[in-house]
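Written out below as structure tokens is the structure these notes cover.
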Protein chains: 2
Amino acid sequence: MIKHESTVPSCECEELHAELIEKNRATMPDESTIYDLADFFKIFGDSTRMSILFAIDGAPMCVCDIAALLGMTKSAVSHQLKILRQSDLITYKKVGKNVFYTLSDDHVRDIIEKALEHIKE
Amino acid sequence: MIKHESTVPSCECEELHAELIEKNRATMPDESTIYDLADFFKIFGDSTRMSILFAIDGAPMCVCDIAALLGMTKSAVSHQLKILRQSDLITYKKVGKNVFYTLSDDHVRDIIEKALEHIKE
DNA sequence: CAAACGGTTGAACAACCATTCAACTATTAT
DNA sequence: ATAATAGTTGAATGGTTGTTCAACCGTTTG
């Protein structure tokens, strides 16, 4: 087919709907808030991390137990635990050679619960 | 007395805390549910998609407007809109040359709201 | 002390994913 | 009909990220 070549790559919507754009921009959160929000959700966006959260939801578990439960290596689990720790979603307590991990917040349960409701439809 | 065999690189936690593992495993959701949940959160785990959701939260917008508001190309926005569409988070309506996108669900607002509360602490 | 175990960490690799680019469709205006 | 605009799409690319591997630290046991 024949290519059209004289096209100018510009959009005139900005002039057409300038008011709408400004109105909607005004109701949006700060850019940094949006980034924080996306980063927060990113933590939950991995099935391994999600599994870990559910695993320790019932009772605190050590790394070795979590690895056995999920059928993964201790290393892989530990890497993900670090991410969950840095996000303040879990806390840990050393007992002898073991490190027991616990959910740090009921807030987390709420969000996951809401999402579960949305999924089941 | 039987002497210890040569060292085997295995973890003995499974034997030590077998009961705990089985108890916690019992309270976990299906594997497929966890995957669905992670996939759901993955959608929100990108600042561009999050920005789009906030942008059209106030009022429906066309692709060109969204692109102008976010300072992105129409192509990049369109790609993300496709993902949001496939997840049933947004709906669209064609009006002449334009395509207006809208949030499809109040459920989505709830989840984002909960997460915002968690962030602001 | 030395060996063994639970756990952590950094580097390397592979898989995934968001943006860009170019070409395409569809609708409207000249 | 032709050109311009709004939007979509597939391939390519560069960045991100989860897992593996090996080495390491801290605690406990012989």
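Letters A, B, ... are given to chains in the order of the sequence lines, protein chains preceding strands, and every chain is numbered from 1. The shown structure was predicted, so the numbers you read here are calculated from the model rather than taken from an experiment.
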Query raised in the report: Considering only D:dG26, D:dT20, D:dT17, which nucleotide approaches the side chain of A:Ser75 most closely?
Result: D:dT20

Query - Atom pair distance, as rounded to whole Å: CE in B:Met72 and P in C:dT19 - result: 4 Å

**Report entry** Options C:dT19, C:dC5, D:dG7, nucleotide nearest the side-chain atoms of B:Asn98
**Finding:** D:dG7

Report task. Measure from NZ on B:Lys42 to P on D:dT16 and round the result to the nearest Å. Result -> 18 Å

Query raised in the report: Side chain of B:His79, base of D:dG7: donor and acceptor closer than 3.5 Å?
Result: no

Query raised in the report: Hey, are the side chains of A:Leu37 and B:Ile119 touching, using non-hydrogen atoms and a 4.5 Å cut-off?
Result: yes

Report summary line: Between NZ of A:Lys82 and P of D:dC24 the distance, given in whole Å, is 17 Å

Query raised in the report: Looking at D:dT9, does its base get a donor-acceptor pair with the side chain of B:Ser78 below 3.5 Å?
Result: no

Report summary line: Correct closest heavy-atom pair for B:Phe44 and B:Met50 would be O-CE, 3.2 Å

Query - Heavy-atom donor-acceptor pair, B:Thr48 side-chain to C:dT19 base, under 3.5 Å - result: no

Requested in this report: Kindly check if the number of other-residue, nucleotide or ligand heavy atoms within 6.0 Å of CD (A:Glu31) is above 12?
Outcome: no

Report summary line: Closest of D:dA6, C:dA26, C:dT8 to the A:Lys74 side chain is C:dT8

Query raised in the report: What is the distance, rounded to the nearest whole Å, between atom CG of A:Asp46 and atom P of C:dC16?
Result: 13 Å

**Report entry** Nearest-Å distance for atom pair CG/P, residues A:Leu70 and D:dG18
**Finding:** 15 Å

Report task. Could you tell me whether the side chain of A:Thr73 has a donor or acceptor atom within less than 3.5 Å of a complementary atom in the base of D:dC21? Result -> no

Query raised in the report: What class does the angle between the rings of B:His118 and A:His107 fall in, given that below 30° is parallel, 30 to 60° is tilted and above 60° is perpendicular?
Result: perpendicular

Query raised in the report: B:Tyr101 near the nucleic acid: base, sugar-phosphate alone, or nothing, with a heavy-atom cut-off under 4.0 Å?
Result: sugar-phosphate

Query raised in the report: Do B:Lys114 and B:Asp110 have side-chain heavy atoms sitting under 4.5 Å apart?
Result: no

Query raised in the report: When the distance from CZ of A:Phe100 to P of C:dG7 is rounded to whole Å, what number comes out?
Result: 8 Å

Query - Interatomic distance, B:Ile52 CD1 vs C:dA18 P [rounded to whole Å] - result: 11 Å

Report task. Specify the separation, in whole Å, of atom NZ of A:Lys97 and atom C1' of C:dA3. Result -> 11 Å

Query raised in the report: Are OP1 or OP2 of D:dT17 and a side-chain N or O of A:Gln80 less than 4.0 angstrom apart?
Result: no

